[in-house]
There are 2 protein chains.
Amino acid sequence: MNPFATHFDSLEEFADRVSEVLQCPITIEDANHRLIAYSTHEHYTDPARTATIINRRVPEKVINSLWREGVIPKLLSNREPIRVEMISEVGLGNRIAISIWKNKEVLGFIWAIEMEQTWTEEQFELLKQAAKAAKNLLLQLQIRKHKKEERIQEFFWKLLTGHFSSHNDIIQQCHVLNIPVYPFSSVVIFHFKQEIQPQVERQIDYLLKTTQQLAVPLYTIDHHRLTLLAAPKSNANAQADIKRFLRSFIAQMNERFRIEITDGAFGSIYECYTKIEKSYKEAQTVLNMKRAFPHDLGNVQSYQELGMYQFFDLLLEKKRDGDFYNETLEKLKQYDNRHHASLVKTIETFLDHDSNVNETAKALNIHPNTLAYRLKRIAEIGEIDLHDMNQKVKLYIDVKLAKYETSH
Amino acid sequence: MNPFATHFDSLEEFADRVSEVLQCPITIEDANHRLIAYSTHEHYTDPARTATIINRRVPEKVINSLWREGVIPKLLSNREPIRVEMISEVGLGNRIAISIWKNKEVLGFIWAIEMEQTWTEEQFELLKQAAKAAKNLLLQLQIRKHKKEERIQEFFWKLLTGHFSSHNDIIQQCHVLNIPVYPFSSVVIFHFKQEIQPQVERQIDYLLKTTQQLAVPLYTIDHHRLTLLAAPKSNANAQADIKRFLRSFIAQMNERFRIEITDGAFGSIYECYTKIEKSYKEAQTVLNMKRAFPHDLGNVQSYQELGMYQFFDLLLEKKRDGDFYNETLEKLKQYDNRHHASLVKTIETFLDHDSNVNETAKALNIHPNTLAYRLKRIAEIGEIDLHDMNQKVKLYIDVKLAKYETSH
DNA sequence: ATTAGTTTTGTGGATTTCCACAAAATCATG
DNA sequence: CATGATTTTGTGGAAATCCACAAAACTAAT
């Protein structure tokens with residue numbers, strides 16, 4: 001006899017019924033640990049549950065603990081209820097949990113708190129039945145969500161490609177689509193090693209929905225790329241917050257799902273939503289430049305950090321028009337060719353290392369005096385004063401620009 | 001009785017007649033020391049005269065000597081014949097010279113060599129008569145020249161403004177207009193302190209026609225500016241040759257005529273005549289940048305030396321579009337405003353002096369440790385690594401660009 | 001192979017730069 | 001004007017950079 005084989009008007013009603021049957025507080029989450037429903041009978045409740053109910057989602061540090069303890073991996077691979085030992089650092093009491101399945105996909109979880117008495121075999125059996133019953137209720141939710149999701153996707157692409165010209169129009173649309181609005185935002189792009197498969201999409205969704213480092217009101221997936229709108233909490237260290245998010249997102253995708261992300265980048269942080277297009281372009285520029293200069297821009301992620309490479313596309317265009325002939329560089333190249341030397345490589349490395357002789361010598365595996373000699377020759381042959389910032393800047397840009405041109 | 005009161009078919013005939021009458025070699029030059037005619041009777045001839053005849057103009061070093069000795073100034077202010085002592089360093093024998101006048105303008109000169117016998121009063125008188133007779137002959141020459149000059153002016157402006165698209169068309173036009181063609185050329189612009197008056201135009205013409213450091217096939221004058229096409233002799237040190245020309249032209253205008261030239265600049269050196277337009281634009285860019293950055297570009301003359309400022313117009317355009325927001329710079333500016341400090345000035349000077357602490361401290365009149373402290377603060381406040389070339393370059397450009405923007 | 005010219009590496013000392021610490025001066029603010 | 005924070009200047013020693021000189025290695029010709 002199944003106590004859940006009746007019709008429920010809402011998921012709340014269902015949660016209350018499960019709670020009644022099992023005599024303990026019940027929480028139902030979706031696959032991304034968003035709160036879907038919770039029982040309201042008066043029972044003891046642990047701090048983790050309270051926090052979950054208040055924020056309408058499970059706190060990130062709780063999720064992280066559960067991953068570390070192997071609880072969530074077990075739930076994702078196993079249809080049986082499992083007992084979860086107390087994790088007092090994050091306020092989690094003794095729990096019983098079970099995942100809700102549809103075919104091979106996890107739709108959500110039911111969490112129970114194990115009260116004074118240890119659960120009987122019968123109680124475990126009842127929880128399994130509850131999980132089966134929850135499946136249909138969750139499916140209905142999902143269908144409603146999918147329809148909305150499509151409209152949101154289209155809206156996001158319009159934002160990215162600069163389809164709107166008024167900030168207020170955008171805000172209004174957000175309200176209609178129930179997209180939260182934040183004061184500051186930046187476009188983030190991740191480049192994945194493999195093309196992103198539907199299963200990975202769910203994993204991405206999972207991480208984005210569970211992260212609380214910053215808000216991700218919108219995201220979209222396209223081939224190898226995940227593009228999202230990131231809203232840092234404060235403006236003060238927004239830059240740093242986004243960087244931290246990038247790092248942890250890449251790490252978690254790898255640790256939890258063995259998905260490799262080759263690269264991540266983000267554009268400037270803007271207040272006006274019409275600037276999302278610009279931020280998107282900037283993020284793309286960062287990715288392009290990182291591909292062209294993997295060595296130079298290895299740990300650059302933001303458009304700000306891109307420095308002089310910000311305007312390389314502009315310069316390349318002019319260079320293609322035949323401008324920017326650099327006499328010094330041409331003379332050095334010529335010398336390199338005629339005497340198969342490597343003056344250009346030498347000056348590039350020297351400038352890469354902030355004109356520091358020792359560091360450069362190490363990087364080139366040559367004696368510091370050798371470097372000094374070469375620099376003397378470079379100054380002579382290229383007719384350049386290596387203590388003149390303007391000349392050095394021009395030469396540095398031209399060297400890198402020449403590389404950029406051939407890398408295209 | 002005037003022995004020159006007859007009709008002469010050519011100036012050569014006239015020169016021979018003067019030579020006959022005075023019993024010595026005669027050379028007639030225009031106001032720019034170009035050879036107009038010379039006598040062919042067999043007499044002793046000094047090396048200076050030989051060289052003049054072969055090159056069809058007086059060698060520059062001879063002209064320079066004559067200026068230094070005060071001979072030419074005297075000829076330009078005085079209608080009497082004068083005796084010129086031998087200047088053996090430049091191969092000049094004992095000479096008698098007189099200027100040819102029309103109203104208040106000197107049209108040219110007659111030079112005689114004083115042979116063994118010292119000239120009599122009568123001979124001086126005959127030379128004066130010859131000078132008067134030469135006037136009409138020279139005037140006819142001038143009229144022919146003026147007409148041609150107008151067509152050449154128009155042609156030069158067309159070249160400067162990119163009116164022609166084929167190199168060969170241009171060369172052909174040059175042949176028609178009798179303009180010599182050179183393998184390499186660059187556009188030079190001089191900016192004069194005062195608007196250029198007709199009298200100064202003649203002085204410019206004089207210097208340009210007499211210089212032999214490089215060829216000046218074309219030039220034009222417009223308000224404060226003299227624009228000319230300079231053809232260096234060799235390609236090897238063309239850059240240096242043009243620089244030398246600039247320096248000496250400015251010096252000579254000042255020394256000889258008390259005319260002040262505020263600035264001079266030149267574009268890249270091109271082979272193809274269609275690139276004259278580009279060289280002209282480049283020279284203009286140099287002048288504009290020098291006006292905006294007098295301190296930074298004090299002794300820059302060529303487009304090559306302009307370095308990174310070459311593309312400032314391009315960058316400014318983008319900056320006006322709202323790109324190139326530099327977080328570091330904004331933070332420093334903000335700090336400067338709030339605490340009326342001078343971090344921006346400090347970092348600018350530091351970068352101006354190639355990141356050299358001691359030099360910068362001297363330039364700012366502060367203790368090196370003060371500078372070190374400020375640099376530490378700059379790194380903290382601007383969140384910049386002052387050993388990262390890329391970041392430094394970006395900051396340097398943005399600092400200068402901000403100045404450029406306000407200077408407009 | 002020889003040879004002159006160029007490049008690399010090594011050595012040692014003069015000079016400069018860098019840092020840590022501290023005192024003095026200045027500034028902001030109640 | 002008292003106070004604490006920030007900035008400037010001073011001192012001295014460790015570390016690094018620079019430079020001159022020379023030997024060795026290498027190259028490109030004859």
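Residue numbering restarts at 1 for every chain, and letters A, B, ... go by the order of the sequence lines.
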Under 30°, 30 to 60°, or over 60°: which ring-plane class applies to H339(A) and Y335(A), parallel, tilted or perpendicular? parallel

Side-chain donor/acceptor pairs under 3.5 Å, residues 301-314 of chain A, sequence neighbours excluded:
| from | atom 1 | to | atom 2 | distance (Å) |
| --- | --- | --- | --- | --- |
| Q301(A) | OE1 | K243(A) | NZ | 3.4 |
| S302(A) | OG | Q239(A) | NE2 | 2.9 |
| S302(A) | OG | E305(A) | N | 3.1 |
| S302(A) | OG | E305(A) | OE1 | 3.0 |
| Q304(A) | OE1 | E327(B) | N | 3.0 |
| Q304(A) | NE2 | Y325(B) | O | 2.8 |
| E305(A) | OE1 | K243(A) | NZ | 3.0 |
| E305(A) | OE1 | Q301(A) | N | 3.0 |
| E305(A) | OE1 | S302(A) | N | 2.8 |
| E305(A) | OE2 | K243(A) | NZ | 2.6 |
| Q310(A) | OE1 | K394(B) | NZ | 3.1 |
| Q310(A) | NE2 | Y303(A) | O | 2.8 |
| D313(A) | OD1 | Y404(A) | OH | 2.7 |

Whole angstrom is fine here: how far is it from NE2 in H353(A) over to C1' in dT17(D)? 17 Å

Residues of residues 360-371 of chain A with any non-hydrogen atom less than 4.0 angstrom from an atom of DNA chain C: list those, numerically ordered, please. I366(A), H367(A), N369(A), T370(A)

For F266(B), check ring-ring contact (aromatic ring centres under 6.0 Å, His included) against everything at least two apart and list the hits. none

Please identify each residue that fulfils salt bridge (charged side-chain N to carboxylate O under 4.0 Å, His left out) with E405(A), with sequence neighbours left out. K319(A), R320(A)

Quick one: D354(B) CG to dT16(C) C1', roughly how many Å, whole number? 15 Å

Between atom CG in N358(A) and atom C1' in dT9(C), what is the gap in whole Å? 14 Å

Tell me every residue that passes salt bridge (charged side-chain N to carboxylate O under 4.0 Å, His left out) with R244(A), counting only those two or more places apart in sequence or in another chain. D241(A)

Under 4.0 Å, heavy atom to any atom of DNA chain C: which of residues 372-389 of chain B qualify? none

Restricting to ring-ring contact (aromatic ring centres under 6.0 Å, His included), what partner residues turn up for H367(A), sequence neighbours left out? none

For K403(A), all residues meeting salt bridge (charged side-chain N to carboxylate O under 4.0 Å, His left out), sequence neighbours excluded: E348(A)

With Q213(B), which residues qualify under side chain to side chain donor-acceptor pair (under 3.5 Å), at least two apart? S248(B)

I'd like to check the side chain to side chain donor-acceptor pair (under 3.5 Å) partners of Y270(A); sequence neighbours left out, ordered by chain and number. E282(A)

Excluding sequence neighbours, so at least two apart, what forms side chain to side chain donor-acceptor pair (under 3.5 Å) with E330(B)? none

Could you check N356(A) against Y335(B) and say which one's nearest nucleotide on DNA chain D is further toward the 5' end? Y335(B)

With 3.5 Å as the limit, what N/O pairs link the protein to nucleotides 24-30 of chain D?
| from | atom 1 | to | atom 2 | distance (Å) |
| --- | --- | --- | --- | --- |
| dA28(D) | OP1 | H340(A) | NE2 | 3.1 |

